[in-house]
Amino acid sequence: TMKTFLPLSLALLLPTAAPAKKAPEPSRFLAGDEEVCDFQENECITPQIFLVDGEDSVPLPANTVSIDSSTNNQVTFSIAQNFGSPSWMVASYIRPADAFDSMQCDDEVIAPASGTSMTYTAKCSGGKAAIEFYVHDSSFVNATETNNCFADGAVWGDGSNVAMYKLELSCGGAAICGDELAPPELDEEPDDETATLKYACKHPKNTARYSLITKGDAFVTALELWGSVSIGGLFSSGNGNGRLRIGTLTQWRSYMFQVIGKCDMDFVGTVKP
């Protein structure tokens with residue numbers, strides 16, 4: 001058979017088929033290959049109870065922390081013994097009459113029975129109260145949280161088999177996490193071009209709470225973002241020097257279509273796909 005060869009200059013002018021566009025992968029927060037991180041933190045237990053940090057090997061049991069009552073100045077809360085058969089439990093918080101830099105441990109509760117509750121009252125600041133509590137159980141072989149609750153450190157404070165949980169509680173009943181804090185949906189653009197004259201030229205509500213807003217992908221090499229992020233594509237980090245903290249100051253909800261390396265990120269606010 002006879003083959004025909006075109007000059008290179010002419011071949012470059014001929015139309016070629018465009019490469020097939022690869023469909024975006026499903027969000028790791030929705031389905032498929034979701035990353036399973038070996039830490040428990042930044043979880044919205046209820047809109048009024050936010051888990052800042054927990055014990056990775058001993059997840060916080062359901063209905064362990066509850067709010068009994070609260071005002072703008074103080075909150076009364078209970079911690080239920082839902083951990084099986086711990087040796088002791090102890091809570092740390094700021095008393096209503098104390099200064100804000102005086103977080104102190106309460107008396108330890110020795111061998112609390114299953115289902116019993118301990119009740120405390122903590123001081124509030126900025127609509128929230130910070131609390132911690134520790135649980136000791138010989139079965140918590142991977143829990144090694146030290147604390148300053150006890151003077152005889154060799155017995156109580158060496159951290160062996162001790163799980164720690166840090167939480168924030170709402171004061172006054174307002175939501176401090178969850179969908180209630182999601183920014184409202186923006187109004188649709190008007191069909192009539194002249195109608196745009198009725199709108200002020202300004203940023204959407206809550207824009208200042210974000211450090212990064214993109215329509216497409218975003219790659220961050222920083223160690224910390226004071227605000228949250230809203231990413232329309234793939235979000236990833238590569239500082240190589242530790243976990244990326246996001247929303248340190250605003251503590252606002254972050255949005256993203258897809259994320260790679262979630263286990264190397266610390267979202268101070270909650271995350272929504």
Side-chain angles (χ1 to χ4, degrees), residues 29 34-70 74-95 103-124 128-171 173 175-178 243 262-263 265-268 270-271:
F29 288 97
E34 180 171 359
E35 291 180 90
V36 178
C37 306
D38 59 352
F39 54 83
Q40 181 192 34
E41 60 186 25
N42 299 324
E43 294 185 11
C44 194
I45 307 300
T46 73
Q48 290 76 33
I49 302 177
F50 182 61
L51 177 64
V52 178
D53 195 7
E55 171 54 47
D56 304 337
S57 63
V58 187
L60 181 67
N63 304 316
T64 297
V65 180
S66 59
I67 296 177
D68 300 327
S69 63
S70 68
Q74 62 184 47
V75 56
T76 299
F77 63 98
S78 295
I79 300 175
Q81 200 291 81
N82 295 329
F83 292 89
S85 303
S87 305
W88 51 262
M89 296 176 63
V90 63
S92 179
Y93 57 96
I94 302 174
R95 275 63 167 178
M103 196 167 186
Q104 299 179 25
C105 293
D106 209 286
D107 294 335
E108 65 272 13
V109 180
I110 307 298
S114 177
T116 58
S117 295
M118 292 71 75
T119 302
Y120 312 93
T121 299
K123 190 173 185 176
C124 298
K128 296 182 290 186
I131 69 167
E132 301 175 2
F133 69 94
Y134 301 85
V135 184
H136 178 274
D137 192 308
S138 58
S139 66
F140 297 171
V141 292
N142 294 319
T144 56
E145 294 290 345
T146 57
N147 61 79
N148 59 355
C149 291
F150 311 101
D152 48 351
V155 178
W156 295 99
D158 64 354
S160 299
N161 311 113
V162 177
M164 176 192 67
Y165 304 88
K166 294 182 178 181
L167 299 98
E168 292 179 346
L169 308 180
S170 169
C171 300
I176 59 174
C177 64
R243 296 175 62 195
K262 185 179 67 173
C263 298
M265 302 177 188
D266 181 7
F267 291 91
V268 180
T270 51
V271 182

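Below, each value reflects all heavy atoms present in this structure, side chains not excepted, and no hydrogens, waters or symmetry copies. Quantities reported herein were computed from a predicted structural model and do not represent experimental measurements.
With values rounded to the nearest 0.5 angstrom, M164 atom CE is found 10.0 Å from T144 atom OG1. In this structure, OG1 in T46 is found 7.5 Å from CD1 in I176, a value given to the nearest 0.5 Å. With rounding to the nearest 0.5 angstrom, the NZ atom of K166 is 9.5 Å from the OG atom of S92. The distance from the OG1 atom of T76 to the OH atom of Y120 is 12.5 Å, given to the nearest 0.5 Å. The structure places OG1 of T64 at 9.0 Å from CD1 of I79, a figure rounded to the nearest 0.5 Å. Summarising the geometry, atom CD belonging to E168 is positioned 12.0 Å from atom CD1 belonging to I49; distances are rounded to the nearest 0.5 Å.
Across every non-hydrogen atom of N82 and A62, the tightest pair is ND2-O, 3.4 Å. For the pair A143 and S57, the tightest heavy-atom approach, listed with the atom from each and the gap, is N-OG, 4.0 Å. Of all non-hydrogen atoms in D137 and S85, the two that sit nearest each other are OD2-O, 3.2 Å. Nearest heavy-atom pair, I94 versus M103, reported as atom, atom and distance to 0.1 Å: CG1-CA, 3.8 Å.
Between V135 and E145 the shortest side-chain heavy-atom distance does not fall below 4.5 Å.
Residues satisfying the ring pair (Phe, Tyr, Trp, His ring centres under 6.0 Å) test with F140, not counting sequence neighbours, are none. Q81 meets the side chain to side chain contact (heavy atoms under 4.5 Å, CB included) test with F83, P86, M89, P112, S114, T116; sequence neighbours excluded.
Checking side-chain atoms of Q48 against main-chain N and O of G173 turns up a donor-acceptor pair under 3.5 Å. In this structure a side-chain-to-backbone donor-acceptor pair under 3.5 Å is missing from E108 to I110.
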(request) Any chance you could lay out the side chain to side chain contact (heavy atoms under 4.5 Å, CB included) test for V75 and Y93, step after step, and finish with the verdict? (result) CA-CA 11 Å; V75 56; Y93 57 96; over 6 Å; no

(request) Any chance you could lay out the side chain to side chain contact (heavy atoms under 4.5 Å, CB included) test for F77 and L167, step after step, and finish with the verdict? (result) CA-CA 11 Å; F77 63 98; L167 299 98; over 6 Å; no

(request) Quick one: do V52 and E132 satisfy side chain to side chain contact (heavy atoms under 4.5 Å, CB included)? Show the steps, please. (result) CA-CA 10 Å; V52 178; E132 301 175 2; over 6 Å; no

(message) Before you tell me yes or no, could you show the steps for L169 and C171 under side chain to side chain contact (heavy atoms under 4.5 Å, CB included), namely the whole-Å CA-CA distance, both residues' side-chain angles and the distance that decides it to 0.1 Å?
(response) CA-CA 6 Å; L169 308 180; C171 300; 5.9 Å; no

